[in-house]
Amino acid sequence: MSEQVRVRFAPSPTGYLHVGGARTALFNWLFARHTGGKFILRIEDTDAARNTDAAMQAIYDGLRWLGLDWDEGPLVGGDCGPYLQSERGAIYERHAGKLRASGHVYADENGALRFRLPRKLVVMEDLVCGHIEVDRGKSQNRDGSPEADMTIRRADGGWIFHFVNVVDDIEMKITHVIRGEDHLSNTPKHLELFAALGAPPPRYAHIPLILNKDGTKMSKRDQGASVAGYIAGGYVSEAVRNFLCLLGWSPKDDREIMPIAEVIERFDPAQINRKAAHFDLEKCDWLNQHYILQMPLETLAEKVGPWLQKAGINYGTNATLLPVLALVRERLKKLSDAPAWMDYFFTEEFAFDPEASAKVLSKPNALDHLRALNAAYASQSGWNAAALETALKSAATVAGVKVGEFVHPARLAATGRSVGASLYHTLEVLGRERVLARFDRALTKLSA
RNA sequence: GGCGCGUUCGUCUAGAGGCCUAGGACACAGCCCUCUCAAGGCUGGUACACGGGUUCGAAUCCCGUACGCGCUACCA
């Protein structure tokens, strides 16, 4: 009979939600969902000078966007709150008082509270990194002097990360700490604190960091570093989440595109790699494109809608949007690509790409072919892709040229572009009236 | 400097002593399909950091070196 798993994601609202942080949150969430445990969000905002409300909001927005719902934490509450460290002063005071009474903590000459380091051998079993021994007596400062006792509260009363992190993990009954490898070297300190507080420590799993593709550390400016960047960049959240699952973890059987339910089922922290993952946005893009291609058309319509609106495209309802989306979706790498591929379906005010025009008109008799096609389509009986194709091909045969000689002018006239989806299907979706009107207009415009 | 962690194609990874002349994916190249652009299909090139052991046999175990990363704060 094992206790219920309780894990937490404990970000500091000092900037933006980093993709590495998002993956840490994701792995915690996966573990909680896999085990039927609880995923807790705790905001570590002890450094008042560096915290911002915007950063806090970015954390909430990013987690929600990725579908990482928390069972306890800000906005949802829970039995172990408050979940903002800035509101937990009394709790820290209580624990510090205990340590003071037991002689583990003392006030130094400046008024800061310091924890007397035991300086002994610390042994830990990390779920990812395995057996680790650290002789704390050997710890040194950069200048080679022995490590000083750890500050747990500043002279100004502000609490220090290591202490509040441990106190909260105790208070919130955290059973497993899954966090970035940058904390591996901090863990011995935390273990010393747990021992001094008389509390059993949680199990630890330190996951490797995410670096840029070239191995350098990611910073805010780097492509793909911020979750907000994916939201603003037209990524599908399921694709980004899928990509993040594969950074440091794999199902071991070559599966890559996986529904989240399957990842939850198969996720095991002990299988996480120990090597830092270099971040390849191109693979994320590929997954994104794949998700756009595979998701139900209605779902895609919901995701694309806001992007079209933002571009001022009035696409009507699903009845008008879906057929267009079905045509162009396999050309979309990002949701943000949609307006450029779709605008001419919803307005007569589309522009003619100068390069496309020049290219088409450079061919001999291009406008004559368009005229011939216009005439043929004017008496077209069935307005569907197959019939339109037959008609165009026979017109080309009559003219004694290849189909391309008819297709390109027609595409230019109907869409203003040289590239796009299947011409016949495009014309079908556009409908007879609009196509014939566009042909007429193009003949006038391009003859000039 | 000290302590800790790591090192398989450019990148994500499979590989837990013989199944590895190292598998998959992204990217790249070529071909096919084709009205363009995509999508899709097929084919191809590129990797076990280095040096010592252990063993009949090592990508896999051990040691060393190199390189990378982390911690070493009254940041988190």
Side-chain angles (χ1 to χ4, degrees), chain A residues 10-15 44-47 49-51 85 108 110-114 126 128-130 132-148 150-162 164-165 180-189 206 208-209 211-217 243 246-257 273-287 289-290 293 328-333 341 356 359 389 392-393 396 402-408 410-412 415 417-424 426:
Chain A
S12 200
T14 54
E44 306 221 327
D45 56 348
T46 53
D47 187 354
R50 301 203 308 157
N51 299 146
Q85 288 188 329
D108 70 7
N110 299 315
L113 240 39
R114 285 180 178 273
D126 191 275
V128 174
C129 300
I132 295 169
E133 293 187 8
V134 182
D135 185 348
R136 296 278 290 137
K138 290 204 284 196
S139 285
Q140 298 183 348
N141 293 324
R142 283 170 218 273
D143 62 8
S145 61
E147 182 182 3
M150 168 171 44
T151 303
I152 65 164
R153 194 185 66 190
R154 301 184 196 105
D156 68 5
W159 296 97
I160 295 298
F161 159 72
H162 299 103
V164 295
N165 185 270
E181 196 188 85
D182 48 338
H183 286 301
L184 186 61
S185 300
N186 289 147
T187 305
K189 287 182 205 171
H206 285 93
L209 270 16
L211 273 22
N212 284 314
K213 191 168 181 181
D214 64 5
T216 55
K217 196 173 168 179
F243 177 65
L246 265 17
L247 236 40
W249 177 83
S250 95
K252 314 290 185 197
D253 64 358
D254 294 339
R255 290 263 292 151
E256 294 200 310
I257 294 156
N273 279 146
R274 301 179 187 187
K275 187 179 82 168
H278 292 200
F279 188 86
D280 186 4
L281 196 59
E282 281 181 329
K283 184 141 185 177
C284 185
D285 288 351
W286 170 75
L287 270 163
Q289 184 170 23
H290 182 88
L293 202 49
V328 306
R329 75 191 306 190
E330 70 192 28
R331 270 149 273 260
L332 307 181
K333 281 190 173 357
W341 287 102
K359 199 166 136 194
E389 178 171 1
L392 183 143
K393 282 182 172 167
K402 291 200 261 188
V403 283
E405 301 294 307
F406 269 65
V407 166
H408 300 309
R411 179 186 300 286
L412 179 69
T415 72
R417 320 275 162 94
S418 57
V419 297
S422 153
L423 176 71
Y424 313 116
T426 299

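Lettering of chains follows the sequences in order, A, B, ..., and the numbering in each one begins at 1.
- Contact annotation for A:Leu113: no contact, since no heavy-atom pair falls under 4.0 Å across all strands.
- Among the heavy atoms of the strands lying under 4.0 Å from A:Ala421 is at least one base atom, whether or not backbone atoms are also near.
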Practice problem: Please lay out, stage by stage, how A:Asp47 and A:Arg154 fare under the test side-chain contact (heavy atoms from CB on, under 4.5 Å). | Solution: CA-CA 11 Å; A:Asp47 187 354; A:Arg154 301 184 196 105; 4.1 Å; yes
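- Residues forming a salt bridge (charged side-chain N to carboxylate O under 4.0 Å, His left out) with A:Glu44 (at least two apart in sequence, or on another chain): A:Arg42.
- With the nearest nucleotide of RNA chain B identified for both A:His290 and A:Leu246, A:Leu246 has the one nearer the 5' end.
- Checking A:His408, A:Glu389, A:Arg411 one by one against A:Leu423, the side-chain contact (heavy atoms from CB on, under 4.5 Å) holds for a single residue, A:Arg411.
- For B:C50 and B:A39, the C1' atoms lie 45 Å apart once the distance is rounded to whole Å.
- A:Glu256 pairs by the side-chain hydrogen bond (donor to acceptor under 3.5 Å, both in side chains) definition with A:Lys283, not counting sequence neighbours.
- On the P atoms, B:U11 is 26 Å away from B:C19, given to the nearest whole Å.
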Practice problem: Quick one, give me the B/S/- string for nucleotides 63-76 of chain B, reading 5' to 3', where B means a protein heavy atom under 4.0 Å from the base and S means that only happens at the primed atoms, P, OP1 or OP2. | Solution: ------SBSBSBBB
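- For B:C9 and B:C26, the C1' atoms lie 12 Å apart once the distance is rounded to whole Å.
- Across the C1' atoms, B:C37 and B:U43 are found 23 Å apart, a figure rounded to whole Å.
- Nucleic acid contact for A:Phe243: none, since no nucleic acid atom lies under 4.0 Å from a heavy atom of the residue.
- Taking 4.0 Å as the cut-off between side-chain N and carboxylate O, A:Glu147 and A:Arg136 count as a salt-bridged pair.
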Exercise. Give the B/S/- string for nucleotides 20-28 of chain B, one per nucleotide from 5' to 3', where a protein heavy atom under 4.0 Å of the base yields B, of only the sugar-phosphate yields S, and otherwise -.
Key: ---BBBBS-
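- The gap from the C1' atom of B:C20 to that of B:G57 amounts to 13 Å, rounded to the nearest Å.
- A distance of 6.0 Å or more separates the ring centres of A:His290 and A:Phe243.
- The base of B:C5 is not paired with the side chain of A:Arg274 by any donor and acceptor separated by under 3.5 Å.
- For A:Tyr424, there are no ring-ring contact (aromatic ring centres under 6.0 Å, His included) partners, not counting sequence neighbours.
- Under the ring-ring contact (aromatic ring centres under 6.0 Å, His included) criterion, A:His278 pairs with no residue at all, not counting sequence neighbours.
- In this structure, the separation between CG on A:Asn165 and NZ on A:Lys189 is 11.5 Å, given to the nearest 0.5 Å.
- Each of A:Trp249 and A:Gly420 lies near RNA chain B, and the nucleotide nearest A:Trp249 is the one positioned closer to the 5' end.
- Side-chain N/O atoms of A:Lys275 include one lying less than 4.0 angstrom from OP1 or OP2 on B:U8.
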